[in-house]
Amino acid sequence: MLSPIRPGCPLGERRTHEERLRATVADLARRHERGLPTELNRVPSIHFGRMIIIRPEQYLVGSEGVSGVDYYPAAVRTTKDGGRIPQPIDDITIAPGHIPKFRSWLLTLVEFDGDLKLYLRDIARFLGGDFDLVFRDCEDYPGTVHFEEFWQWIRCYQINIDLFYATYPNLTVSRIKQLEAFKSRFDAFVASVRPPQGDPKQVDELFDKFLSENLQYCENFPDTDGLFQPPPITGNGG
């Protein structure tokens, strides 16, 4: 999704909408890097997400003589092929009520499991106000309270992809996390059965403990959704 960032400053603030948005995204990034919970942890279908702020001086690199754009002198900065490089555009100097010709944009890339509209309903349900804090600095953002307005806004700025490649297309987020936990517990099981020093231990009791810890069964393991089903009950019920 590529959504335009509002020009100028929020009411009562000296920083621009873009500066406030950068601070919000940077806070999310710092918390994620430190392993702290973020709002995105509450949506279990997200594989990964990226947010990139694109400024005019980035997408106008190599342009020439564009009205309203100041360029670095050719002797100071040019591209390898001699193209002109724009100087940063400060939208705080734009006259009130005037929409600038060149805007900064927020590019949001998210990979998730399932249907887009269902995913966005999860966003509205589980994130709501936290999601609004990020996109409030984008043009005409309606908020998540009224879902259909929110959905139409998303559709307005949604862009089609030309290629989507997934190495593991059949693995959901929940299944990946489950397999990660399984691998960790299996490594611990192997270490307990085959200690670095000493004789191998009896396997039966440790294996039963391993199965219990993982809630796994010898039969019907697992189904296509990554869920473990108990063996079918045989015999006559009474």
Side-chain angles (χ1 to χ4, degrees), residues 1-43 45-46 48-61 63 66-72 85-112 116-117 119-161:
M1 182 175 67
L2 190 62
S3 46
I5 301 173
R6 293 178 180 178
C9 300
L11 183 64
E13 295 196 30
R14 299 180 63 183
R15 59 182 177 175
T16 64
H17 282 283
E18 180 183 327
E19 290 168 338
R20 185 170 72 172
L21 174 59
R22 283 188 182 277
T24 303
V25 174
D27 180 62
L28 283 172
R30 282 192 297 268
R31 288 160 57 191
H32 176 67
E33 290 169 359
R34 295 172 59 188
L36 299 175
T38 69
E39 292 81 357
L40 296 176
N41 296 128
R42 288 150 51 193
V43 181
S45 61
I46 297 177
F48 67 84
R50 296 185 177 96
M51 304 188 80
I52 305 167
I53 294 176
I54 304 174
R55 290 190 52 80
E57 60 265 22
Q58 294 172 316
Y59 61 76
L60 290 173
V61 167
S63 62
V66 177
S67 176
V69 176
D70 295 325
Y71 293 85
Y72 286 104
I85 296 180
Q87 297 185 30
I89 297 175
D90 186 2
D91 67 10
I92 201 170
T93 62
I94 298 171
H98 175 70
I99 299 178
K101 182 183 296 185
F102 302 107
R103 309 288 296 275
S104 292
W105 297 77
L106 176 62
L107 176 62
T108 306
L109 304 172
V110 181
E111 300 300 335
F112 55 89
L116 173 62
K117 196 166 188 178
Y119 159 75
L120 290 171
R121 286 193 185 278
D122 283 346
I123 290 290
R125 177 183 177 187
F126 295 113
L127 300 187
D130 294 320
F131 193 84
D132 295 341
L133 287 177
V134 176
F135 287 90
R136 62 183 174 174
D137 291 302
C138 292
E139 198 70 60
D140 300 322
Y141 179 68
T144 56
V145 174
H146 302 290
F147 179 78
E148 285 305 320
E149 293 181 15
F150 170 60
W151 168 245
Q152 291 304 320
W153 184 85
I154 293 289
R155 296 285 290 173
C156 178
Y157 294 111
Q158 183 185 7
I159 55 177
N160 294 326
I161 60 173

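What you see is a predicted model; the values in this text were computed from it and never measured. In what follows, residues are counted from 1 in the order of the sequence shown.
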Taking only distance into account, with no hydrogens and no angle test, what donor-acceptor pairs under 3.5 Å do side-chain atoms of residues 150-158 form with protein atoms, sequence neighbours excluded?
from: Trp153; atom 1: NE1; to: Glu139; atom 2: O; distance (Å): 3.0
from: Arg155; atom 1: NH1; to: Gln158; atom 2: OE1; distance (Å): 3.2

Heavy-atom side-chain contact between Pro86 and Tyr72 under 4.5 Å
no
Interatomic distance, Tyr59 atom OH to Ile54 atom CD1 [nearest 0.5 angstrom]:
9.0 Å
Minimum heavy-atom distance Glu57-Gln87, with the two atoms named:
CB-O, 3.9 Å
Between Glu19 and Thr16 (side chain of the first, backbone of the second, donor and acceptor by atom type, cut-off under 3.5 Å), is there such a pair?
yes
Let's go through Tyr141 and Ser3 carefully: what are the C-alpha distance in whole Å and the side-chain angles of both, what is the deciding distance for side chain to side chain donor-acceptor pair (under 3.5 Å) to 0.1 Å, and is it a yes or a no?
CA-CA 9 Å; Tyr141 179 68; Ser3 46; over 6 Å; no
Is it the case that more than 12 heavy atoms not belonging to Ile161 sit under 6.0 Å from its CD1 atom?
yes
With heavy-atom distances below 4.5 Å as the criterion, would you say the side chains of Val110 and Tyr119 are in contact?
yes
Can you tell me how far CG of Leu106 sits from CZ of Arg22, rounded to the nearest 0.5 angstrom?
10.0 Å
Applying side-chain contact (heavy atoms from CB on, under 4.5 Å) to Leu107 and Met1, what does each step give before you reach the verdict?
CA-CA 6 Å; Leu107 176 62; Met1 182 175 67; over 6 Å; no
Test side chain to side chain donor-acceptor pair (under 3.5 Å) applied to Asp130 - qualifying residues, sequence neighbours left out:
Arg42
What do the steps show when you test Thr144 against Phe135 for side-chain contact (heavy atoms from CB on, under 4.5 Å), and what is the final call?
CA-CA 10 Å; Thr144 56; Phe135 287 90; over 6 Å; no
Evaluate His17 against Arg136 for side-chain contact (heavy atoms from CB on, under 4.5 Å), listing each step before the verdict.
CA-CA 9 Å; His17 282 283; Arg136 62 183 174 174; over 6 Å; no
With a 4.5 Å limit on heavy-atom distance, are the side chains of Val69 and Phe102 in contact?
yes
Can you name the residues that form a side chain to side chain donor-acceptor pair (under 3.5 Å) with Arg20, not counting sequence neighbours?
Glu13, Asp137
So SG of Cys138 and CG of Leu2: to nearest 0.5 Å the spacing works out to 9.5 Å
How close do Glu18 and Ile53 get, heavy atom to heavy atom, and via which atoms?
OE2-CG2, 4.1 Å
Of all the heavy-atom pairs spanning Pro88 and Arg55, show the shortest one and how long it is.
C-NH2, 4.3 Å
Can you tell me how far the CD1 atom of Ile123 sits from the CZ atom of Phe131, to the nearest 0.5 Å?
5.5 Å
Could you walk me through whether Phe147 and Arg121 satisfy the side-chain contact (heavy atoms from CB on, under 4.5 Å) test, starting with their C-alpha distance in whole Å, then the side-chain angles of each, then the deciding distance to 0.1 Å, before giving a yes or no?
CA-CA 8 Å; Phe147 179 78; Arg121 286 193 185 278; 3.4 Å; yes
Mind checking the CG-CD spacing from Leu28 to Glu33? Nearest 0.5 Å is all I need.
11.0 Å
